[in-house]
Amino acid sequence: MTYAFTIEPPDYYALDNEQELIAKCQEWGLISAKATKLKTFYYKGNGQHLPCTILGFVDHMTAVIELDNGQKHCIHPSYLKEMQASGYSTRGLSGAATEPDTEQDAAGQSAQTAEQASDPADTSDQADAPARSYDMEEDEDDAESSSRLKGDPDGLVEEYIGPQSGTATDAEAKPKTKAAPKAKAAKIDLPDGKVKMSAVVKEFTTVPNHFSDNDDEVIIYESVTITEPEVIEVGDAWSSHSATMKKQELEVGDVLTFEAKIIKKKLTRNPVPYKINNPSKIQKEE
């Protein structure tokens with residue numbers, strides 16, 4: 001049986017030594033600090049409850065596991081840790097807690113319970129990530145709702161200004177005209193699976209990682225465009241500055257083409273709404 005949700009790692013660090021694997025699992029909180037041997041881990045997501053084996057990692061936010069059928073899959077270590085809870089199976093299979101990429105990937109639900117890794121700072125072409133990571137969608141209606149009266153959430157009652165001098169009757173109430181509703185950005189229907197894309201490197205930055213002592217390195221892109229199977233202008237997006245991307249020796253202004261999955265997942269503390277997962281076949285235009 002083949003699982004459609006898996007995210008095949010393009011490249012990863014294999015943990016062949018048991019002691020190194022135990023140390024990494026302790027770092028991720030999958031086993032206690034006093035543990036001397038590994039236990040059986042389970043993948044609980046996408047309607048599945050499967051035993052899995054930890055093979056290694058892409059970066060410190062992207063573990064690589066092997067499912068019962070031999071398929072490899074990228075997943076955020078903290079999300080894998082949540083799956084080991086005895087009560088998680090009921091939540092995950094009932095749909096109350098879903099993967100971010102079905103949408104962390106998240107992951108976007110990040111992509112969202114990490115399209116919540118795939119990821120650093122990520123991740124179904126995205127690795128699975130915990131629901132609390134990078135899930136900071138802002139309320140776009142704050143500016144509009146703040147102008148409404150308390151007790152009138154639908155904005156049906158106009159604000160009372162009180163008597164004004166120069167009017168026919170000082171006791172008359174003068175209604176204040178409501179401001180026009182705030183226009184929302186048009187939603188983009190992102191395609192499933194990998195697509196061909198182009199993007200321009202805008203900047204390199206870091207974001208906090210509460211599960212590590214180090215911040216996560218990320219790349220922010222501009223002029224992101226899906227070129228195939230259909231042309232869709234996305235705008236700004238971000239991705240992990242993974243080992244694969246570092247091999248490209250990128251600089252600000254570089255124009256890239258690649259294949260990847262893109263999901264809706266906002267970058268921590270940055271107004272970048274979309275995430276690029278596991279880019280491959282990367283080329284820099286001269």
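- Heavy-atom minimum distance, H60 versus P77: O-CG, 4.2 Å.
- For the atom pair CD1 of I220 and CH2 of W238, the computed distance is 9.5 Å after rounding to the nearest 0.5 Å.
- Grouped by direct or indirect side-chain proximity (heavy atoms under 4.5 Å, Ile/Leu/Val/Met/Phe/Trp/Tyr only), Y12 sits with L55, V58, V64.
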Is there a side chain to side chain contact (heavy atoms under 4.5 Å, CB included) between M245 and I282 once you walk through the steps? CA-CA 9 Å; M245 299 305 293; I282 304 167; 3.4 Å; yes
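- When the options Y88, Y79, F5, Y3 are evaluated for a ring-ring contact (aromatic ring centres under 6.0 Å, His included) with Y43, the one that passes is F5.
- Nearest heavy atoms, T6 versus H73: CA-ND1, 3.3 Å.
- Here the CG-CD distance, from D254 to Q283, works out to 13.5 Å after rounding to the nearest 0.5 Å.
- Contact check on E259 versus K194 returns no salt bridge, with no Lys/Arg side-chain nitrogen under 4.0 Å from an Asp/Glu carboxylate oxygen.
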Query - Verdict with reasoning, Q19 to N17, per side chain to side chain donor-acceptor pair (under 3.5 Å) - result: CA-CA 6 Å; Q19 293 304 315; N17 183 288; 5.8 Å; no
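- Distance check: R269 CZ to T205 OG1 gives 10.5 Å after rounding to the nearest 0.5 Å.
- Qualifying side-chain hydrogen bond (donor to acceptor under 3.5 Å, both in side chains) partners for E66, counting only residues two or more places apart in sequence or in other chains: none.
- Side-chain contact check for T244 versus N278: every heavy-atom pair is 4.5 Å or farther apart.
- Using a distance-only test at 3.5 Å, with no hydrogens or angles considered, a donor-acceptor pair links the side chain of N270 to the main chain of T268.
- A donor-acceptor pair is defined here as one N or O able to donate and one able to accept, closer than 3.5 Å; no such pair exists between the side chain of K275 and the backbone of K266.
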| task | Run the numbers on T53 and F41 for side chain to side chain contact (heavy atoms under 4.5 Å, CB included), then give the verdict. | result | CA-CA 7 Å; T53 303; F41 298 105; over 6 Å; no
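- Shown here are the side-chain hydrogen bond (donor to acceptor under 3.5 Å, both in side chains) partners of K246, two or more places apart in sequence or in another chain: E217.
- Among residues two or more places apart in sequence or in another chain, the side-chain hydrogen bond (donor to acceptor under 3.5 Å, both in side chains) test is passed with Y13 by none.
- Under the 4.5 Å side-chain heavy-atom criterion for grouping Ile, Leu, Val, Met, Phe, Trp and Tyr, L67 is not connected to Y42 through any hydrophobic cluster.
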Do any side-chain atoms of residues 21-32 form donor-acceptor pairs under 3.5 angstrom with protein atoms, and if so which ones, sequence neighbours left out?
residue: K24; atom: NZ; partner: E27; partner atom: OE1; Å: 3.4
residue: Q26; atom: NE2; partner: S32; partner atom: O; Å: 3.2
residue: Q26; atom: NE2; partner: A33; partner atom: O; Å: 3.0
residue: Q26; atom: NE2; partner: A35; partner atom: O; Å: 3.1
residue: S32; atom: OG; partner: A35; partner atom: N; Å: 3.3

Table please: side-chain donor-acceptor pairs of residues 222-237 below 3.5 Å, with sequence neighbours left out.
residue: T227; atom: OG1; partner: K196; partner atom: O; Å: 3.1
residue: D236; atom: OD2; partner: K202; partner atom: NZ; Å: 3.4

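- Note: I65 CD1 to Q71 CD = 10.5 Å, rounded to the nearest 0.5 Å.
- No more than 12 heavy-atom neighbours from other residues, nucleotides or ligands sit within 6.0 angstrom of NZ on K37.
- Between N277 and A260, the shortest heavy-atom distance links the atoms O-CB, 3.4 Å.
- No continuous path of hydrophobic side-chain contacts links V255 to I276 [ILVMFWY only; heavy atoms under 4.5 Å].
- Ring planes of F258 and Y221: tilted class, angle from 30 to 60°.
- With rounding to the nearest 0.5 angstrom, the NE2 atom of H49 is 10.5 Å from the CE atom of M83.
- Hydrophobic clustering, with ILVMFWY side chains joined whenever heavy atoms are under 4.5 angstrom apart, keeps V200 apart from I219.
- For the pair D216/T206, no side-chain contact is recorded, criterion being any heavy-atom separation below 4.5 Å from C-beta on.
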Exercise for review: Evaluate the criterion salt bridge (charged side-chain N to carboxylate O under 4.0 Å, His left out) for residue pair D11 and K247; output intermediate values, then yes/no.
Suggested key: CA-CA 12 Å; D11 189 17; K247 291 178 182 178; 3.2 Å; yes
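- Here the closest non-hydrogen pair linking P9 and C74 is CB-SG, 3.6 Å.
- Considering NZ of K44 and CG of L80, their distance stands at 10.0 Å, rounded to 0.5 Å.
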